[in-house]
Amino acid sequence: MAGLNPDFNDIKANAEARVHYENAARDKAARVSSRAPPPRYSDVYSSGPLHRIIGVRLPCKPRSTLWDLSISDGKIASIEPFVSRPHDIAHLPGVLVGTERLLAPSLCHAHIHLDKCFLLQDPKFLDLEIETGDFTEAMELTTQAKSRFEEDDLLRRGRQLIEESIHFGVTVMRAFVEVDGDVQFKCLDAGLKLKKEFKERCEVQLCAFAQLPLFSGDDGGEKIRDLMSQAAHREGVDVVGSTPYVEQDEVKMKMNIRWISMMALFNGKPLDLHLDYNLEKSKDPLIWSALEILKGRNWTEREGKGITLGHCTRLTLFSPEDWRKLKEEIGDLPVSFVGLPTSDLFMMRAESRARGTLPIPEMIEEYKLDGAIAVNNVGNAFTPQGNCDPLSVASLGVAIYQAGTKKDAEVLYECVSSRAKAVIGVPSTSLDLAVGDPADFVLFDRLDIGWRCRTTITEVVYDAGPHRQTIWQGKLTTL
Ligand SMILES: [Zn+2]
């Protein structure tokens with residue numbers, strides 16, 4: 001019987017098929033681990049494209065139903081009710097037996113710093129411990145670490161971050177690499193190498209990023225502007241970005257936005273700014289000037305690419321009227337927001353001990369703004385806690401935004417999946433998994449989880465669990 005309540009023979013066939021698949025995966029893992037030196041990824045993951053994924057639960061279908069997907073050219077070609085077949089279909093190349101697990105759209109890092117991850121754990125930087133835990137210290141510790149960055153540690157840490165992310169279900173990320181007079185192009189070059197190394201398993205979109213001022217400091221920012229101009233022309237650099245709030249005064253903050261937006265527009269690249277990172281009512285939000293500058297550049301008429309604004313914690317003090325005004329001022333500019341709650345909760349503190357992070361679900365639903373949430377930093381003085389799992393941020397969102405309903409959970413999932421992909425301008429797969437969508441998925445759990453096997457998006461957002469398989473463009477990217 002197809003679809004509802006598969007009978008005992010279906011379950012048995014499915015279980016046998018699963019055992020076959022898992023044995024094959026284990027044998028493969030054993031072969032891999034016995035090799036020396038460690039294999040290249042292309043050796044491990046050369047299983048070829050998948051044509052079918054059978055017997056899975058899907059996010060927008062009743063949880064008691066099972067489904068078969070066929071894949072063609074890296075896209076979903078059909079979705080049909082699960083049909084019991086002779087179990088040797090599982091032996092055919094290109095067939096993945098889903099064994100009643102939940103198949104959902106893959107995950108995305110809309111914003112993650114590739115070059116300064118794992119500094120609190122990497123043996124090379126163990127002397128750089130957090131003592132006060134504030135923003136000034138985070139900048140100081142990171143500056144010290146950056147002065148010691150070399151290709152080997154950049155590759156080691158960055159590779160770890162991408163690898164762990166893939167295992168959590170990530171298929172695409174916007175990765176920030178800093179460019180300045182100290183690191184010059186070290187971070188960027190390592191990022192370019194990693195982008196190439198992982199090109200079969202994950203899309204790494206690189207953002208050349210000026211974390212330091214573009215107009216303040218001893219040389220008035222001349223050196224960093226020169227390096228950023230060169231970076232913007234480099235092949236493989238997809239996005240340019242900066243941090244206007246690090247400039248010494250408001251005039252220079254606006255100069256920063258004018259300069260970097262020109263750089264993005266002239267090079268046909270998206271723009272990504274860390275903006276309004278404070279919780280002070282007395283400080284005027286810079287976003288109004290930023291929008292004025294961008295509109296003054298005739299951004300839309302000149303077909304400028306996406307504009308992403310990260311942090312923006314100052315906006316949490318907005319009234320409903322301010323939010324409506326913001327929506328109006330944005331108009332047809334391609335502006336979207338990325339909330340970075342794990343960093344914001346640790347870094348942004350008011351005297352009153354209040355915390356603040358962009359209310360992304362409310363901005364989406366109430367004010368019709370575009371937004372996503374993201375991990376930002378892993379294992380450094382800006383964000384010591386947490387890991388590379390985008391769903392850990394979605395899960396935290398349940399508490400932060402008091403978003404516990406099924407609908408809330410779906411929005412939170414989208415914020416680390418389809419909405420995150422839209423923010424960084426890449427095609428996405430909807431929760432409906434429509435025919436024609438990219439075959440980019442994450443398959444949750446393992447069969448031995450038993451009744452705890454997650455069957456809905458709500459369960460996954462509450463507690464995603466550690467076991468996942470990732471599929472990108474119709475190919476498995478994890479074992
Ligand atoms: Zn950031």
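These numbers come from the heavy atoms of this one structure, side chains and all, not from hydrogens, waters or symmetry mates. We're numbering straight along the sequence, starting at 1.
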Could you give the distance from [atom1] ([X]) to [atom2] ([Y]), rounded to the nearest 0.5 Å?
{"X": "Leu333", "Y": "Ile307", "atom1": "CG", "atom2": "CD1", "result": "5.0 Å"}
{"X": "Leu317", "Y": "Lys283", "atom1": "CG", "atom2": "NZ", "result": "12.0 Å"}
{"X": "His311", "Y": "Thr316", "atom1": "NE2", "atom2": "OG1", "result": "13.0 Å"}
{"X": "Phe215", "Y": "Glu247", "atom1": "CZ", "atom2": "CD", "result": "7.0 Å"}
{"X": "Leu114", "Y": "Leu155", "atom1": "CG", "atom2": "CG", "result": "9.5 Å"}
{"X": "Asp276", "Y": "Leu286", "atom1": "CG", "atom2": "CG", "result": "5.5 Å"}

Q) What residue among Leu412, Leu391, Thr342, Thr357 forms side-chain contact (heavy atoms from CB on, under 4.5 Å) with Leu396? A)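 Result for side-chain contact (heavy atoms from CB on, under 4.5 Å) with Leu396: Thr342.
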
Q. Which of these passes side-chain contact (heavy atoms from CB on, under 4.5 Å) with Ile424: Pro270, Cys108, Ser336?
A.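 Exactly one option meets the side-chain contact (heavy atoms from CB on, under 4.5 Å) with Ile424, and it is Cys108.
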
(Q) A side-chain contact here means heavy atoms from C-beta on lying under 4.5 Å apart; do Asp226 and Gln230 qualify? (A)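 When only atoms from C-beta onward are counted, Gln230 and Asp226 do touch, with a gap below 4.5 Å.
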
Q: Side-chain contact test, heavy atoms from C-beta onward, threshold under 4.5 Å: evaluate it for Cys187 versus Phe209 and give yes or no.
A: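 Cys187 vs Phe209: side chains apart.
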
Q: Identify, with sequence neighbours excluded, every residue that meets ring pair (Phe, Tyr, Trp, His ring centres under 6.0 Å) alongside Phe382.
A: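 For Phe382, the residues satisfying ring pair (Phe, Tyr, Trp, His ring centres under 6.0 Å) (neighbours in sequence not counted) are Phe135.
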
Q) Which residues pass the ring pair (Phe, Tyr, Trp, His ring centres under 6.0 Å) test with Phe337, sequence neighbours left out? A)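 Result, ring pair (Phe, Tyr, Trp, His ring centres under 6.0 Å) vs Phe337: none returned.
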
Q | Residues in side chain to side chain contact (heavy atoms under 4.5 Å, CB included) contact with Thr429, at least two apart in sequence or another chain | A |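 With neighbours one apart ignored, the set is Ile76, Pro105, Leu433, Asp437, Pro438, Asp440, Phe441.
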
Q. Is the distance between the ring centroids of Phe318 and Trp288 under 6.0 Å?
A.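 When the ring centroids of Phe318 and Trp288 are compared, they turn out to be within the sub-6.0 Å range.
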
Q: Kindly state whether the ring of Tyr245 and the ring of His274 have centres lying under 6.0 angstrom apart.
A: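 Centroid distance Tyr245-His274: not below 6.0 Å, so no.
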
Salt-bridge present ([X], [Y]; N to O < 4.0 Å):
{"X": "Glu151", "Y": "Lys193", "result": "yes"}
{"X": "Glu197", "Y": "Arg159", "result": "yes"}
{"X": "Asp153", "Y": "Arg148", "result": "no"}
{"X": "Asp370", "Y": "Arg419", "result": "no"}

Q: For Lys195 and Gln205, indicate whether the former's side chain and the latter's backbone hold a donor-acceptor pair under 3.5 Å.
A: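 Between the backbone of Gln205 and the side chain of Lys195 there is no qualifying donor-acceptor contact (under 3.5 Å).
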
Q. Can Ser261 and Arg297 be counted as having a side-chain donor-acceptor contact under 3.5 angstrom?
A.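 The answer is yes; a qualifying pair exists.
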
